[in-house]
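Here the structure comes first, spelled out in structure tokens, and everything after it is commentary.
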Amino acid sequence: MNLLYAGKTKDVYEGEGDTVVLKFKDDVTGTDGVFDPGANTVGLTIDGMGQSGLRMTTFFFEKMAEHGVATHFVSSNIEEATMTVKKATMFGNGLEVICRYRAVGSFYRRYGQYCEEGQTLDAFVEVTLKDDERNDPPISKDGLVMLGLLTAEEYDELEQMTKQISGIVKEELAKRQLELYDIKLEFGRDSEGALMLIDEISGGNMRAYGKDGYVEPLQLEKLMLA
């Protein structure tokens with residue numbers, strides 16, 4: 001296959017027709033060897049993470065289809081750790097949309113003067129620009145509109161979709177006595193300009209906790225799909 005783009009945790013290859021193929025890697029984001037779904041650098045490599053992430057992504061994208069949520073998912077090949085998806089148009093160089101249920105990670109680092117670590121949040125949605133050089137800066141709705149990255153109506157739809165998707169993931173985790181603390185999502189436009197969920201939903205882009213504390217990505221997949 002023709003390599004189009006080499007990413008931190010996935011490589012993108014040319015597919016057939018209006019599709020591309022994502023190759024899931026064992027690399028995960030983090031800092032100094034510690035996993036962090038909000039980090040913008042590769043922090044470590046976990047054997048089996050690529051297949052694990054794809055199994056979780058397949059599970060959750062199929063759940064999204066059941067709930068009528070538009071995604072780019074077409075099919076997956078777990079053995080080869082590849083996923084065929086519809087092509088998507090990005091918002092600028094890409095946006096990351098985070099839904100937070102607890103004050104942890106970068107939220108707590110920024111706002112710790114005004115909250116306690118682990119404090120409950122009401123599905124707080126924030127958007128950051130995908131920009132490694134500037135450490136993925138947060139941006140407001142007005143900023144996105146003024147820079148021409150999306151319309152005010154698209155932002156409202158993006159926020160609503162984020163809360164819906166995150167709520168579905170939260171409910172699925174709760175069935176396994178797990179709590180979703182936060183999750184990072186990505187979106188794009190399809191060939192007709194409609195918004196759709198892209199990238200992945202896996203242990204690599206969320207924080208989940210059980211009765212014994214934080215659940216590592218590989219263990220999360222085992223608990224969810226056992």
Side-chain angles (χ1 to χ4, degrees), residues 9 28-31 34-40 43 52-53 55-57 59-64 66-71 94-130 135-141 144 155-187 195-226:
T9 61
V28 296
T29 55
T31 306
V34 179
F35 167 71
D36 181 353
N40 60 359
S52 174
R55 276 191 289 267
M56 281 273 281
T57 296
F59 171 80
F60 277 118
F61 275 18
E62 289 175 347
K63 285 291 178 185
M64 295 305 145
E66 293 174 11
H67 288 271
V69 177
T71 77
L95 303 175
E96 292 180 344
V97 188
I98 303 98
C99 187
R100 301 185 184 278
Y101 295 99
R102 295 274 186 174
V104 294
S106 61
F107 182 93
Y108 180 69
R109 289 193 294 271
R110 277 184 269 134
Y111 308 123
Q113 183 179 359
Y114 302 100
C115 64
E116 297 180 0
E117 188 169 14
Q119 177 178 320
T120 301
L121 302 174
D122 186 17
F124 175 74
V125 175
E126 64 178 345
V127 180
T128 67
L129 300 175
K130 293 190 74 170
N135 200 29
D136 294 350
I139 186 168
S140 67
K141 173 182 177 179
L144 288 163
Y155 181 92
D156 292 340
E157 183 179 356
L158 193 76
E159 184 177 47
Q160 185 277 327
M161 287 181 69
T162 297
K163 289 184 177 183
Q164 180 186 9
I165 292 162
S166 302
I168 294 168
V169 175
K170 192 173 191 293
E171 288 178 3
E172 290 298 322
L173 264 64
K175 293 177 183 178
R176 281 80 169 176
Q177 289 72 56
L178 301 169
E179 182 181 352
L180 179 65
Y181 273 34
D182 60 23
I183 184 169
K184 178 177 66 178
L185 305 173
E186 294 190 32
F187 295 86
L195 297 187
M196 62 179 176
L197 176 68
I198 63 171
D199 196 46
E200 65 178 290
I201 301 180
S202 72
N205 65 333
M206 68 176 77
R207 288 187 183 90
Y209 283 70
K211 63 179 181 180
D212 297 322
Y214 172 69
V215 182
E216 297 285 348
L218 288 180
Q219 181 63 19
L220 179 61
E221 182 249 329
K222 292 176 182 177
L223 293 172
M224 289 297 299
L225 305 183

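Only this structure's heavy atoms are used, side chains among them; waters, hydrogens and symmetry mates stay out.
Qualifying ring-ring contact (aromatic ring centres under 6.0 Å, His included) partners for F107, counting only residues two or more places apart in sequence or in other chains: Y111, F124.
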*asked:* Quick one, I183 with I165, criterion side-chain contact (heavy atoms from CB on, under 4.5 Å). Give me CA distance, side-chain angles, the key distance, then yes/no.
replied: CA-CA 10 Å; I183 184 169; I165 292 162; 5.6 Å; no

*Given F187 and E157, is the side-chain contact (heavy atoms from CB on, under 4.5 Å) satisfied, shown in steps?*
CA-CA 11 Å; F187 295 86; E157 183 179 356; over 6 Å; no

*Apply side-chain contact (heavy atoms from CB on, under 4.5 Å) to the pair K141 and V127, showing each step before the final yes or no.*
CA-CA 8 Å; K141 173 182 177 179; V127 180; over 6 Å; no

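In this structure a side-chain-to-backbone donor-acceptor pair under 3.5 Å is present from N205 to E200.
The two atoms that bring G204 and P217 nearest to each other are N-CB, 4.4 Å, heavy atoms only. Taking both residues in full, the closest heavy atoms of L225 and M56 are given as CD1-N, 4.1 Å, listed atom of the first, atom of the second, then distance. Taking both residues in full, the closest heavy atoms of M206 and L220 are given as SD-CD2, 3.8 Å, listed atom of the first, atom of the second, then distance. Annotation for D136 and T128: closest pair O-CB, 3.5 Å, computed over non-hydrogen atoms. Considering all non-hydrogen atoms of both residues, S166 and L185 come closest at OG-CD1, 3.9 Å. The heavy-atom pair separating E186 from E96 by the smallest distance is OE2-OE2, 4.1 Å.
Rounded to the nearest 0.5 angstrom, I139 CD1 and L129 CG are separated by 4.5 Å. To the nearest 0.5 Å, atom SG of residue C99 and atom NZ of residue K163 are 7.5 Å apart. F59 CZ to M224 CE: the interatomic distance, rounded to the nearest 0.5 Å, is 4.5 Å. Rounded to the nearest 0.5 Å, atoms NZ (K184) and OG (S106) are 9.5 Å apart. Rounding to the nearest 0.5 Å places CD of E66 at 14.0 Å from CZ of F61. For the atom pair L197 CG and T57 OG1, the distance stands at 9.5 Å (nearest 0.5 Å).
Counting non-hydrogen atoms of other residues, nucleotides and ligands closer than 6.0 Å to CD of E116 gives a total of 12 or fewer.
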Determine all donor-acceptor pairs shorter than 3.5 Å in which one atom belongs to a side chain in residues 208-216; sequence neighbours excluded.
none

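Geometric assessment of R207 against the ring of Y181 yields a negative cation-pi assignment under the 6.0 Å and 45° thresholds.
Here R102 pairs with E179 in a salt bridge; the nearest charged N to carboxylate O distance falls below 4.0 Å. Ion pair E171/K63 not flagged as a salt bridge, since none of the NZ, NE, NH1 or NH2 atoms sits closer than 4.0 Å to an Asp/Glu carboxylate oxygen.
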